[in-house]
Amino acid sequence: MNRYRNDKFARGLIYTIVGAIIALIAVFIGYLLVQGWSTISWSFLTTASDDGLGIRDQLFNSLYLLILTLLLSFPIALGSAIALTIYGKKSRFAAIAEMAIQALSSLPSIIIGLFGFLLLVLKFKIGFSVLSGAIALTFFNLPILTQSISLAIATVPEARMTAGVSLGVSKWHTITKVILPEAMPGMISGIVLSAGRVFGEAAALIYTAGQSAPKLDYLNWNIFDANSFLNPLRPAETLAVHIWKVNTEGLGANAEAISKGTIVILILTILVFNLLARQLSHRLQRKIYR
Amino acid sequence: MIMTENSLTTKDVKVSYGQHESLHGVTLDFPKNQITALMGPSGCGKSTFLRCLNRSNDLLPDVTVSGEIEFEQQDIYGPKVNVVALRTQIGMVYQQPTPFPFSIYENVIFSQRMIGLHDRQKADEIVERSLRQAAIWDEVKDRLQRSAQSLSGGQQQRVCLASVLAGAPEVILLDEPTSALDPIASAKIEGTLLSLKDSYTIVIVTHNLQQASRISDQTAFLLNGDLVEADATKTIFMTPREQATSDYLNGKFG
Ligand SMILES: Nc1ncnc2c1ncn2[C@@H]1O[C@H](COP(=O)(O)OP(=O)(O)OP(=O)(O)O)[C@@H](O)[C@H]1O
Ligand SMILES: [Mg+2]
């Protein structure tokens with residue numbers, strides 16, 4: 001009977017630990033939400049910070065940067081993941097590349113930010129801009145995204161490749177029509193996880209996308225105009241950078257309220273991402289395994 | 001033996017996985033429109049040899065294949081060979097069923113879709129003909145849109161055979177295709193193979209001696225990576241030349 005008692009004890013311990021972690025997260029997020037809730041209002045979301053409290057432009061900048069970053073990093077990460085897990089499997093090159101990716105993923109983001117500042121902002125003279133920020137975030141995002149896409153591809157049984165190829169289907173078609181669709185739910189989880197990280201990143205952006213949010217004109221579609229919301233060469237302070245800046249500069253009486261409200265918006269947005277991705281991933285999975 | 005045209009010929013084929021040589025020089029010809037059975041105890045290299053014949057060994061890391069393998073007088077390991085096209089001509093059914101996570105219909109028509117078949121009616125025809133040939137049409141005809149992975153192992157195996165047949169290959173390689181099937185389904189597959197040999201050349205790996213004697217024209221016996229002997233199936237079963245062959249056939253090992 002001893003074995004059963006041990007088993008019961010171990011299970012109890014695990015449940016307790018998991019419960020404690022969940023409680024901790026709940027308290028943490030709950031505290032932040034309660035603190036910032038009073039700041040949230042329609043005008044908080046729809047006015048520019050130059051005119052008062054608002055974070056409209058920061059919110060947009062965060063989303064814009066996220067989209068650009070994913071557009072830049074996803075194709076590269078997908079390509080490297082395919083190269084490493086399918087074409088270069090067990091090769092020396094893949095082993096070295098994997099080591100490099102691991103090293104890069106543990107690089108502190110402030111280093112990436114400063115590197116982006118020196119290379120993009122100063123050397124290439126792109127200036128504090130959406131583009132500089134997106135490129136820096138791409139560096140920040142690539143290692144993790146590549147790793148999670150590789151993992152998603154690796155969960156697809158190897159037999160798919162041999163089966164496809166033995167039917168006289170090319171390797172490329174087997175990859176694009178069989179392996180990638182099957183890996184899609186896993187890839188989406190990976191993308192969302194990295195999107196959350198990117199969305200909340202501040203250090204890599206302070207010296208690349210900059211710390212100012214010029215008032216944007218959302219009706220100006222000419223991307224060459226300085227106040228166009230789509231202009232990639234304008235500075236773009238994001239939510240996370242805004243929180244950092246408001247807290248370090250502590251300007252005005254409203255600084256604390258702004259910062260707390262912004263935190264709530266940041267958390268909620270990331271939460272919404274996760275829920276949407278879950279839905280999408282489930283739906284895809286059902287579609288594949290009808 | 002009667003002289004017939006050979007579809008595939010092999011000469012001194014050796015295969016190594018890393019440093020370890022698993023096949024030590026096999027020389028064997030596969031006559032056109034005949035069924036050749038490969039027999040031998042587990043681990044003797046039957047699958048390894050079979051995989052050389054459509055170059056699916058290429059997919060494994062660290063495999064070296066040497067020797068000559070010719071398909072219709074063309075060296076299949078030659079520098080100018082289009083491997084993808086080669087594998088449409090030499091199809092293979094694996095020991096483990098390997099259906100894709102698609103519907104049964106899409107599984108069967110997959111290779112044809114990839115070379116640009118979009119005609120609905122033609123696709124329907126190919127799917128039905130292939131599933132009939134693989135002796136599974138009656139079991140699945142009402143649920144072609146269901147996932148192939150929801151079928152039983154034996155049914156999956158026959159869907160895989162249908163997928164190969166849909167590509168209209170010239171040679172069909174089968175690695176123990178009936179080891180997961182009940183006797184009725186096995187008999188169906190055997191019947192299929194017998195009826196297919198008029199238009200295809202078939203190589204089948206089997207552990208089932210009766211099966212080999214029932215359907216094959218030629219039988220090859222492998223042991224520890226060597227070809228012990230190969231001859232007309234009747235000859236092998238009635239008057240084997242080698243002691244090892246007769247021991248194996250009498251169940252003394254393997
Ligand atoms: N992918 C592989 N990597 C390394 N060694 C392998 C691999 N596949 C087969 N071998 C080795 O090659 C030898 C022959 O294996 P093979 O699978 O060809 O045997 P088999 O005759 O098909 O056996 P079975 O009847 O069990 O299927 C074995 O010693 C096996 O360990
Ligand atoms: Mg085998």
Side-chain angles (χ1 to χ4, degrees), chain A residues 81-99 150-189 280-290, chain B residues 18 50-51 53-62 82-104 106-116 143 145-150 156 159-169 172-175:
Chain A
I82 291 174
L84 293 178
T85 50
I86 301 178
Y87 283 103
K89 194 168 44 180
K90 290 184 188 157
S91 70
R92 249 181 98 98
F93 173 74
I96 293 172
E98 244 145 57
M99 225 156 68
S150 299
L151 216 65
I153 293 178
T155 57
V156 179
E158 275 181 51
R160 298 283 182 273
M161 184 54 105
T162 35
V165 160
S166 295
L167 287 174
V169 175
S170 66
K171 248 183 161 176
W172 181 244
H173 273 151
T174 310
I175 293 172
T176 52
K177 303 289 171 174
V178 181
I179 296 179
L180 292 186
E182 209 175 337
M184 190 63 86
M187 290 202 288
I188 288 184
S189 308
L280 191 63
S281 164
H282 273 308
R283 198 161 303 163
L284 278 174
Q285 207 140 20
R286 262 211 307 278
K287 208 166 160 191
I288 293 174
Y289 302 99
R290 220 181 338 207
Chain B
L50 203 65
R51 282 198 298 266
L53 303 179
N54 76 340
R55 291 191 59 171
S56 53
N57 268 338
D58 294 12
L59 296 175
L60 302 172
D62 237 10
N82 178 345
V83 188
V84 175
L86 174 82
R87 295 190 187 116
T88 44
Q89 294 171 299
I90 308 180
M92 178 146 174
V93 178
Y94 287 88
Q95 205 164 343
Q96 304 292 330
T98 51
F100 299 118
F102 312 150
S103 69
I104 296 168
E106 286 302 325
N107 258 282
V108 175
I109 207 66
F110 180 58
S111 67
Q112 297 306 296
R113 284 234 193 285
M114 291 304 109
I115 54 174
R143 43 176 172 157
Q145 297 311 323
R146 290 265 301 277
S147 166
Q149 295 190 329
S150 67
Q156 289 183 12
V159 169
C160 290
L161 175 58
S163 309
V164 169
L165 294 173
I172 307 173
L173 311 173
L174 303 113
D175 197 344

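Every chain is numbered from 1, with letters handed out A, B, ... down the list of sequences.
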request  = Could you tell me the separation between the CG atom of A:L167 and the OG1 atom of B:T98, rounded to the nearest 0.5 Å?
outcome  = 7.5 Å
remark   = side chain to side chain contact (heavy atoms under 4.5 Å, CB included) filter on B:V84, not counting sequence neighbours, yields A:S170, B:N82
query = Hey, what do you get for NZ (A:K171) to CG (B:L59), rounding to the nearest 0.5 Å?
reply = 5.5 Å
query = For the candidates A:A159, A:P157, A:A163, which exhibits the highest count of non-hydrogen atom pairs separated by less than 4.5 Å from chain B?
reply = A:A163
Audit row: A:K177, B:F100, side-chain contact (heavy atoms from CB on, under 4.5 Å) steps and yes/no = CA-CA 10 Å; A:K177 303 289 171 174; B:F100 299 118; over 6 Å; no
ask   = For residues B:Y94 and A:T162, is any side-chain donor paired with an opposing acceptor at under 3.5 Å?
value = no
message = Heavy-atom count check: over 12 atoms from other residues, nucleotides or ligands less than 6.0 Å from A:Y87 OH?
response = yes
ask   = Between A:E158, A:M161, A:H173, which shows the greatest number of heavy-atom pairs under 4.5 Å with chain B?
value = A:H173
request  = Would you mind checking which part of B:P99 comes under 4.5 Å of any heavy atom in chain A, side chain (CB onward), backbone (N, CA, C, O), both or neither?
outcome  = backbone
inquiry  = Shorter than 4.5 Å, heavy atoms on both sides: which option in B:T88, B:L173, B:V93, B:I90 has the most such pairs with chain A?
reply    = B:T88
query = Would the number of heavy atoms belonging to other residues, nucleotides or ligands and lying under 6.0 Å from CD of B:Q96 be above 12?
reply = no
